[in-house]
Amino acid sequence: MELRGITKRFPGVVANRDIDITVHRGTVHALCGENGAGKSTLMKILYGMQKPDEGTITVDGEQTSFHTPADAIARGIGMVHQHFMLAENLTVLENVVLGAEKLYGIGARARAKINEISDAYGLGVRPGVLVEELGVADRQRVEILKVLYRGARTLILDEPTAVLVPQEVDALFANLRELKSEGLTVIFISHKLGEVLSVADEITVIRRGTTVGTADPRTTTSKQLAELMVGSELPSPQTEEAPAWHAADTPMLQVAGLRLTQTDLDGVERVILDDISFTIHHGEVLGIAGVEGNGQSELVEAVMGIRDPDSGTVVLDGRDMSHAPTRRRREGGVGYIPEDRHRHGLLLEAPLWENRILGHVTEPPNSRRGLLDIKAARADTERIIADYDVRTPGIDVTAASLSGGNQQKLIVGREMSHRPKLLIAAHPTRGVDVGAQAQIWDQIRRARRDGLAVLLISADLDELIGLSDTLRVMYRGRLVADADPGTITPEELGSAMTGAATGHLEHPAEEAPPGPAEGPRPDGTADAPARRTADAPQDTAASKDERR
Amino acid sequence: MKNLTSRIDKERLFLALAAPVLAIVAAIVVTTLVIMATGKDPVAAFSDMVSYGSASDSQVYILNKATTYYLAGVAVAVGFRMNLFNIGVDGQYRLAAFFAAVLGGALTLPGIVAVPLIILCAMVTGALWAAIAGILKVTRGVSEVIATIMLNSIATAVIGYLLQPGQLGQLDQAGTLVSTRPLPKSSYFFSFDAGPAGELWGFIVIAALVGVVYWFVLGRTRFGFDLRTVGRSDSAAAASGVSVKRMVATSMVISGAVAGLIGMPTLLNDSHQFSSDFPTGVGFTGIAIALLGRNHPVGIALGALLWGFLERTTNHLEFQGYDKEILGVIQGVIVLCVVIAYELVRRYGLRRQQQRVGAELAVAQAAGTAPDTVTAVPTEKQEVAR
């Protein structure tokens, strides 16, 4: 397949410009680039969801043009979306045949075909199972099978690893190699450079809407690739002296025996948080690892006071906040970087200065004695924009106009401006570009040096390991394991996240007690995120954000 | 950078005006077609409306009508700003006016005490009636739309029961109309004498005051910010520390209290009693006006005036041989067009701004003025380790 000179303009913006890509049959071709580089638009063009303004698409030497996804499917191109499009209350078989009933019917013939495909590529899909009983990785395989069932010879996978733990990623890559060996072509979109290098045969890098180069994964390092992606030498966070936090070894947040249950419509009580206890000290970053949906969001909401726990205590800096309303906690010094900034962190249709007030309406400079101080709030918004490098033409534009990274920088700036004692950061760098990511890490580290306690939730294991002083693993509403970020590897953490390991996770190879020179902290803090910048496994919600 | 901000503001103003103007133009076109279809001359009808509507007695009439409508619009708008659909304004104001009239008829205090008491009674009644729907919503999750619609019917039944001779009502001397006991002269609200054009109700001052308070509370206070936050995104509001449930209940109560004022211009300036012919349906008019005025205090005023104008002038058209249903057609088309036009304009404006911000930043980047060191590099293609 060849793409030549693809250009797509939206009013005012050129999303793609002069894209040239050649994908060879029977290879895994990776497409990588920062968020907003134009990957999504390009894939939509390839899948017939959008028409290019210029340029040609050639499939098997024959020039084609796609008007709808159906055209693309007819030419053997299928797409596996990042967000699965499966009906949970139907079986795998029903999901696969849905919309493609004409191919092999809906009965035994279809089942046989599914089994045939599943066996041929080692997908291990069982057609009779309800989709709601399947895990994320299985669902993804169903999605792949759906595409193959429709006769696709070229698969486009949009950020397929975003929702998977490391072991599942390996399994997926094994599937992809299987597909490749059967002569199928895979186009793999990602910005996790490590994965790209391990699975791809060829790499094309997109930057600001155009292809800036190709790379051979056998001879390219992830650092070179990242530089190609970002376009210059990466900003390397300066090495930091060991922080003086242990001097002040006083607890900032103490959570004990936190329990949260929820009764669903059938009257069945579900335990969401079970006996959660932890303490975060001044200047300490506690990282919580876990596959999404194991209670992390609820834990954050319980600490924030958005959900009221059934039992247990939350003590902030010596004050009992177990059942205090959210506003009291915020006034008491809790900063909050929410997991979903569009839903919980911003008023998208409000101007930036109103977003600056959000969450801190009772605190200076935003208001005095019940009245808003609009002038001061506006002035402070200008300051945040300057200090935190929020790229915007002004403070009167709506939050929706900013890119994800700049929205996040605004949120970080807002929360930091109120000198929090405790920062709750849920996926703080999800869906932001590499540059903003480094800045946000910097902000968190700097605040930590000044004694800030941080509760860090992240799906990005490198981020967790790099920033945290202490690591806990959450599985099915419980904190099942703890680990030392100085020695743990993402793979080990990953196995604990699936519930395979509990207790204190020890690195099997190096039992050595952390000495002063090789202590976990100094290089853990400063270096790991630096390495991460190059390695940049970014987020799960990236392309979701782009689309919004 | 400053340029863009002012440009966006100007554009925003333009877009804000575009929707209602578009809607009114569409309404004129549709009305023209309807009048032509009935075989009459639309130009003559419009010129009659304009000349009759601008007569001085019409102006007073329109202002008086608009006073009532303005209060109705604000009452609905309070809910709208919170994403609450208070359909119950209608029942709230009728019940409020009824009890206020009963109280006013029973009081023999000097006006300076009685009038505020009557107004207070109306506001409290409206607030309590609305609070039922608010409490049902926050405790039981009952949609406020359903609850308020049903409360409207209940209000009608309650008034019908109480407004009977022997209950709280009395028959007038002619024996044809049941009403509450009339207010004593001392409890009449002041009015402005406009000579032969009639009397301009003094309550217009209160209505204007309500508008100012509405603007101030929503735009300048913490409470107003919280309220608007909930209206824009209740998930963000909860995360920011606003108690969404309490906010829902509170704004429902405020909406009801303002609704309580709707009947006051009529009661205190005009009818001085609540009878079976007390104006009904004004709450629904308020919905249309709040939509038209985009919940903005000035916008609502313009909407209220337009509604008063239409009512006055189409009434007159009837005497000229036109069909009186023209009024309904015009009002209906305006509301329909306004809703559609606002949504279109809103989406267009949002998208346009995103693009402009993107374009502006791109230009700034290209010119090297943005504080951008990471991505401002030449984009010539390069090959790595091939």
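Below, read A as the first sequence line, B as the second, and so on, with proteins coming before strands; counting in each chain starts at 1. Since the structure is predicted, the reported quantities are computational estimates derived from the model, not experimental observations.
- Neither the backbone nor the side chain of A:R307 comes within contact range of chain B, judged by heavy atoms closer than 4.5 Å.
- With chain B as the partner, the residue from A:I203, A:L402, A:I374, A:N366 showing the most heavy-atom pairs under 4.5 Å is A:I374.
- If you tally non-hydrogen atom pairs under 4.5 Å between each of A:S367, A:P325, A:P338 and chain B, the highest count goes to A:S367.
- Of the two parts of B:V244, neither the backbone nor the side chain holds a non-hydrogen atom closer than 4.5 Å to a non-hydrogen atom of chain A.
- At a 4.5 Å heavy-atom cutoff, the contact between A:L347 and chain B is made by side-chain atoms alone.
- Using a 4.5 Å cut-off between heavy atoms, A:E354 contacts chain B through both its backbone and its side chain.
- In this view, A:R369 satisfies the side-chain hydrogen bond (donor to acceptor under 3.5 Å, both in side chains) rule with no residue, not counting sequence neighbours.
- With chain B as partner, the option from A:T326, A:D373, A:V361, A:I306 having the largest number of non-hydrogen pairs under 4.5 angstrom is A:V361.
- For the ring-ring contact (aromatic ring centres under 6.0 Å, His included) test, no residue two or more places apart in sequence or in another chain qualifies with A:H323.
- To the nearest 0.5 Å, atoms OG (B:S240) and NE2 (A:H344) are separated by 11.0 Å.
- Of all residues in residues 245-257 of chain B, none places a non-hydrogen atom less than 4.5 angstrom from a non-hydrogen atom of chain A.
- Of all residues spanning residues 222-237 of chain B, those with a heavy atom less than 4.5 Å away from chain A's heavy atoms are B:R222, B:F225, B:D226, B:R228, B:T229, B:R232, B:S233, B:S235, B:A236, arranged by number.
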